Amino acid sequence: MTAITATEAPSLPLPLPLLHSTVIDWYEASKRDLPWRTPDATPWAVMVSEFMLQQTPVKRVLPVWRAWLTRWPTPADLAAEAPGEAVRMWGRLGYPRRALRLHAAAVAITEEHGGGVPDDHATLLSLPGVGEYTAAAVASFAFRQRHVVLDTNVRRVFARAVTGVEYPAIATTAAERRTATALLPDDAATAATWAVGVMELGALVCTARGPECGDCPLFTACAWQRAGRPPYEGPARRGQTYEGTDRQVRGKLLAVLREAHGTVPQARLDAVWPDAVQRARALDGLVADGLVEPVEQGVYRLPQ
DNA sequence: CAGGCGTGGAA
DNA sequence: TTTCCAAGCCT
């Protein structure tokens, strides 16, 4: 029989409690001072940050997050508004369907959960726009519960430090989840700090490009470092073109609707893209997604 | 489950 | 300039 299977992950040459304290101590000394991490940040404030941070960098999220929480300090405040107001407030964060889903989540919280952000993972997962990651993040960061929080940062840290490869697979694997589960501290409060600490390590030090290994608290333990930092060997990562896609057209159309207050005539939309077929397809898509509402023939607006 | 879904900044 | 990436979700 073979001695070692290919899927068996090497483990860190570090006792678990020492691994935990190493990352947590580094986090306490090096963490960014982000407003959704302050003690007075409400679960709603945490949840809003998680929606906005899905695929959008912290720097761009900060001003929108502040404006959002000022205008809508509770889920009920947002739920009382038209979804189009959420889309407008979302501004240029990208993926505006997130704004619609956040609004829908606020409605569900208000109407079905007594107005408070749910504190259990399963209920969070049932909300629009909340997937496995966001449910775990809100439960962990806002309610200090013990959950595997597996985002792109954490996956990269574990890929390097534990498995010894430069990048994780494109899709999350069962093996990754087992690794993350095995490393999770038993105590809930410690697990919550560990989760945010590993994420922060991935965001600040163990970055996708140009990791600052000299500053890494796991430098001597890291499997990738010990293996001589072998380059990534997996399949090419999906490089998406953007110029000329429907996504770009949708973005241009929605920008017109966002910046206009009230209705917009067809001609204003026609001006943003020369190809009438693609333009119509993009507009149809926006309407189908609920991001745009037809008012009458040739007149559109954000959803009321 | 692979692909669609925005936007802007850094390498 | 081009490419890659940034706390994913949904179908």
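Only a predicted model underlies this, so the values are computations on that prediction, with no experimental measurement involved. Letters A, B, ... mirror the listed sequences (proteins, then strands); counts begin at 1.
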Contacts of A:Thr207 and A:Gln54 projected onto DNA chain C by closest heavy atom; the upstream (5') one is A:Thr207
So which of residues 129-141 of chain A are in contact with DNA chain C, with a heavy-atom cut-off of under 4.0 Å? A:Gly129, A:Val130, A:Gly131, A:Glu132, A:Tyr133, A:Thr134
In whole Å, what separates the P atom of C:dC10 from that of B:dG8? 24 Å
Please indicate whether A:Lys252 has more than 12 foreign heavy atoms, meaning atoms of other residues, nucleotides or ligands, lying under 6.0 Å from its NZ. no
The side chain of A:Asp246 is closest to which nucleotide in this list: B:dC5, C:dC5, B:dG6? B:dC5
Nucleic acid contacts - residues 19-52 of chain A versus DNA chain B, non-hydrogen atoms under 4.0 Å: none
Please collect all ring pair (Phe, Tyr, Trp, His ring centres under 6.0 Å) contacts where either partner lies in residues 184-212 of chain A, sequence neighbours excluded, each pair once. A:His20-A:Trp194
Check every atom of B:dG4, C:dA7, C:dC5 against the side chain of A:Asp151 and return the nucleotide holding the closest atom. C:dA7
Grouping ILVMFWY residues whenever side-chain heavy atoms fall under 4.5 Å, the cluster of A:Val295 otherwise contains A:Val299
Looking at every strand, decide which applies to A:Thr152 at a 4.0 Å heavy-atom threshold: base, sugar-phosphate, or nothing. sugar-phosphate
Pairs: protein N or O with nucleotides 8-11 of chain B N or O, under 3.5 Å:
| unit_1 | atom_1 | unit_2 | atom_2 | d |
| --- | --- | --- | --- | --- |
| B:dG8 | OP1 | A:Arg92 | NE | 2.4 |
| B:dG8 | OP2 | A:Arg92 | NH2 | 3.3 |

For a quick test of your reading: what N or O donor-acceptor pairs under 3.5 Å do the side chains of residues 201-223 of chain A make, sequence neighbours left out?
| unit_1 | atom_1 | unit_2 | atom_2 | d |
| --- | --- | --- | --- | --- |
| A:Thr207 | OG1 | A:Arg209 | O | 3.1 |
| A:Thr207 | OG1 | A:Gly210 | O | 3.4 |

Counting the atoms with a prime plus P, OP1 and OP2 as sugar-phosphate, which does A:Leu93 contact under 4.0 Å by heavy atoms, base, sugar-phosphate, or nothing? base
Among B:dG6, C:dA7, C:dC5, which is the nearest nucleotide to the side chain of A:Tyr167? C:dC5
